[in-house]
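Predicted model only: the values in this text are computed from it and were never measured. Below, read A as the first sequence line, B as the second, and so on, with proteins coming before strands; counting in each chain starts at 1.
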Number of protein chains: 2
Amino acid sequence: MDANQMNSTNDTVCKLREKLAAAGLRPTRQRLEIGNLLFESGDRHFTAEMLHAEANRLRYPPSLATVYNTLHLFAAHGLLREIAVYGAKTWYDTKTGPHFHFYREDREELFDIPDALIPILNIAAPEGTMIEAIDVVVRLRSI
Amino acid sequence: MDANQMNSTNDTVCKLREKLAAAGLRPTRQRLEIGNLLFESGDRHFTAEMLHAEANRLRYPPSLATVYNTLHLFAAHGLLREIAVYGAKTWYDTKTGPHFHFYREDREELFDIPDALIPILNIAAPEGTMIEAIDVVVRLRSI
DNA sequence: ATAGCTGCAAATGCTTTGCAAGGCC
DNA sequence: GGCCTTGCAAAGCATTTGCAGCTAT
């Protein structure tokens with residue numbers, strides 16, 4: 001294990017390497033570092049800017065272009081999910097399965113709606129189309 | 001009726017003037033023209049760019065800045081609804097009540113989901129917050 | 001060896017803003 | 001008259017891209 005992986009367990013790194021391999025992605029230093037940040041703890045919700053800020057604390061931080069690149073790649077290969085919210089920024093979620101989100105506008109926080117609260121959305125796609133995804137964002141404000 | 005209102009009925013213009021007045025907005029030439037474009041036919045879904053292109057066919061087209069300005073104003077006063085979709089552009093809808101949307105990615109088209117297809121979303125807001133709005137976008141792709 | 005990655009900086013695309021001139025009450 | 005609006009052009013911000021040099025297989 002080299003210096004770049006000092007703060008992750010061997011186990012975590014191995015799983016991540018498998019994850020990348022399964023997706024057909026080369027295990028570059030930058031992807032491993034970003035992957036470690038993203039997947040070492042539970043579900044995370046973040047923007048490119050937030051991830052880049054976090055990555056800048058690493059010894060050899062990946063560039064902003066690489067952060068965007070990696071996020072797109074991870075999303076395209078099912079390791080992450082993109083979420084459209086009001087405002088300019090794109091959000092990402094490490095939980096990829098179907099679920100909905102709360103967005104707290106005053107704090108700019110995005111978080112999952114617990115499964116228990118989710119009714120089944122049973123919507124039929126129009127002729128000639130199929131449903132790619134269902135995006136539900138419940139916007140909240142403080143009382 | 002002056003030259004700026006040639007292609008709208010007197011009736012339509014009067015209603016629009018009332019609408020603006022009710023919202024506390026001055027009935028400027030640009031707002032009346034934009035309002036006519038938006039409300040003369042049924043429900044419409046559009047982006048700022050689309051509206052600006054359409055407005056450019058008028059004799060004295062409002063500037064792009066005014067188009068954005070007016071859209072924000074109308075949205076803030078409940079005459080329009082903003083919709084967040086993937087991609088950089090903000091969409092607007094002349095139907096302001098609660099309803100959901102289909103977004104056809106390959107054609108970049110946004111349209112309403114018929115009310116009949118909509119199940120009730122009965123989601124409780126977390127402590128200390130209230131629900132501002134529920135945004136549902138079902139993304140479609142061609143088969 | 002070679003196809004794929006990365007970093008930098010410049011470019012892009014949508015949206016916002018500063019400010020001077022014009023319009024509505 | 002005085003405040004609100006508009007138009008223009010410049011700025012802003014998140015994101016993308018071109019390209020030369022590096023890296024994984």
Quick check on D:dG7: is either OP1 or OP2 less than 4.0 Å from any side-chain nitrogen or oxygen of B:Thr66?
yes
C:dG4 OP1/OP2 closer than 4.0 Å to side-chain N/O of A:Thr28:
no
Euclidean distance, atom CG of residue A:Leu25 to atom P of D:dT23 [Å, nearest integer]:
19 Å
Does A:Trp91 belong to the same Ile/Leu/Val/Met/Phe/Trp/Tyr cluster as A:Tyr68, with side-chain heavy atoms less than 4.5 Å apart forming each link?
no
The residue, B:Ala65 or B:Arg26, whose nearest nucleotide of DNA chain D is more 5′ is B:Arg26
Give a yes/no on whether any side-chain N or O of A:Arg31 is located under 4.0 angstrom from OP1 or OP2 of C:dC5.
yes
D:dT23 OP1/OP2 closer than 4.0 Å to side-chain N/O of A:Gln30:
no
For residues B:Leu140 and A:Pro126, report the shortest heavy-atom separation together with the two atoms involved.
CD1-CD, 3.6 Å
Closest contact, heavy atoms only, A:Leu16 versus A:Leu32:
CD2-O, 3.3 Å
C:dT16 phosphate, OP1 or OP2, under 4.0 Å from B:Tyr68 side-chain N/O:
no
Rounded to whole angstroms, how far apart are OH on A:Tyr60 and P on D:dC22?
16 Å
Under 4.0 angstrom between B:His72 side-chain N/O and C:dT16 OP1 or OP2:
yes
If you look at every strand shown and take non-hydrogen atoms under 4.0 Å, does A:His52 touch a base, only sugar-phosphate, or nothing?
nothing
When you measure from the side-chain N and O atoms of A:Thr90 to the phosphate of D:dT15, is any distance below 4.0 Å, counting only OP1 and OP2?
yes
Which nucleotide sits closest to the side chain of A:Glu49: D:dA14, C:dC14, D:dA24?
D:dA14
Under 4.5 Å between any side-chain heavy atoms of B:Asn69 and B:Phe74, yes or no?
no
Check whether any side-chain N or O of B:Thr47 sits under 4.0 Å from OP1 or OP2 of C:dC14, and answer yes or no.
no
